[in-house]
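Below is one structure, written out as structure tokens; the observations come after it.
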Amino acid sequence: MKFIIGNWKSNGDIDKKDSMIKSLKSVKTNNKVILCMPFHLLGGGNSVVEIGAQDISLYPNGAYTGDISGQMLKESNVKYVIVGHSERRKYHNETNEIVRKKSENAIANGIIPIICIGESETDKKAGRTMSVVKKMLLDSIPKQGDFIVAYEPCWAIGTGVIPTTNEISAVHETLFKALSKIGRDTTPILYGGSVNPTNASEIMSINNVHGVLVGGASLKYDTFLPIINAAK
Ligand code: PEP
């Protein structure tokens with residue numbers, strides 16, 4: 001089973017969500033399809049697609065204006081939440097430590113964190129990809145509980161540029177080995193960054209790629225459906 005996870009970011013409205021959920025209802029798939037929505041669109045879903053969240057507060061309920069707590073997500077029937085997306089790391093200064101705490105907070109509320117890691121273009125050019133992603137992984141994951149990892153090179157997000165098959169394979173192998181070493185070898189490792197209907201099948205056939213995290217192409221049924229169908 002592969003994971004096909006969409007990330008709508010700060011996009012979408014009630015009509016777009018309803019139309020997507022309705023269209024996906026009749027899709028036949030054995031894979032896990034999740035759409036991570038902005039907070040006002042949480043809840044709902046159907047037998048084909050689950051609705052996940054894009055962030056979780058670092059804190060429990062209390063005086064944290066604007067934060068959406070783990071308990072609130074749980075009450076909205078959220079089972080999966082993205083944490084540490086590169087946009088949150090970049091625009092909200094989220095560190096590995098914050099990402100780890102958010103992951104632990106999700107787990108404490110019965111929610112599976114989808115932990116994003118990935119090197120910058122500067123790291124890649126300097127040949128630091130492996131060391132950077134390994135450190136991000138080990139510093140961002142929770143001490144216990146199940147989680148999903150999404151390898152998303154920052155330079156591939158929303159750019160239309162993706163790593164080569166060999167590059168994706170090498171990073172996923174490094175992540176798999178690092179997870180195996182700490183007894184987490186069953187952790188799903190997804191690839192994210194400019195996945196589209198044309199490249200999805202090849203990406204998902206790479207060893208140790210257990211699915212994809214999709215931004216732009218998850219916004220429209222016409223581009224999301226072929227990605228779901230590309231998962232064998
Ligand atoms: C993302 O933001 O997680 C992402 C992978 O975006 P895109 O597919 O648009 O590159």
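In each ligand, atom 1 is the first atom listed, and ligand 1 is the first ligand listed.
For atom 2 (O) of ligand 1, the closest non-hydrogen atom of the protein is K9 NZ, 2.5 Å. The closest protein non-hydrogen atom to atom 1 (C) of ligand 1 is H85 NE2, 3.2 Å. Protein heavy atom at the shortest distance from atom 8 (O) of ligand 1 is G215 N, 2.8 Å. Given atom 9 (O) of ligand 1, the protein heavy atom at minimum distance is G216 N, 2.9 Å.
In the vicinity of G193, heavy-atom distances shorter than 4.0 Å reach the ligand 1 atoms 5 (C), 10 (O). Each of the atoms 7 (P), 9 (O), 10 (O) of ligand 1 lies under 4.0 Å from some heavy atom of G158.
Using a 4.0 Å cut-off between charged side-chain N and carboxylate O, E50 and K79 make no salt bridge. Salt-bridge formation is not detected for the pair R184/D146: no Lys NZ or Arg NE/NH1/NH2 atom is positioned less than 4.0 Å from an Asp or Glu carboxylate oxygen. Ion pairing between D55 and R88 holds under the 4.0 Å rule for side-chain N and carboxylate O.
By the 30° and 60° cut-offs, the orientation of the rings of H172 relative to Y191 is tilted.
Geometrically, ligand 1 and G192 share no nitrogen or oxygen pair separated by less than 3.5 Å. Considering backbone and side-chain atoms together, E152 places an N or O closer than 3.5 Å to an N or O of ligand 1.
No continuous path of ILVMFWY side-chain contacts below 4.5 Å connects V212 to I148, so the two sit in separate hydrophobic clusters. Hydrophobic clustering (side-chain heavy atoms under 4.5 Å, transitive across Ile, Leu, Val, Met, Phe, Trp, Tyr) groups F176 together with M130.
Contact annotation: A156 has at least one heavy atom less than 4.0 Å from an atom of ligand 1.
Here N7 has side-chain heavy atoms under 4.0 Å from ligand 1, and that is the only part of it that gets that close.
Each of I227, I162, T165 was scored for a side-chain contact (heavy atoms from CB on, under 4.5 Å) with N199, with one residue passing: I162.
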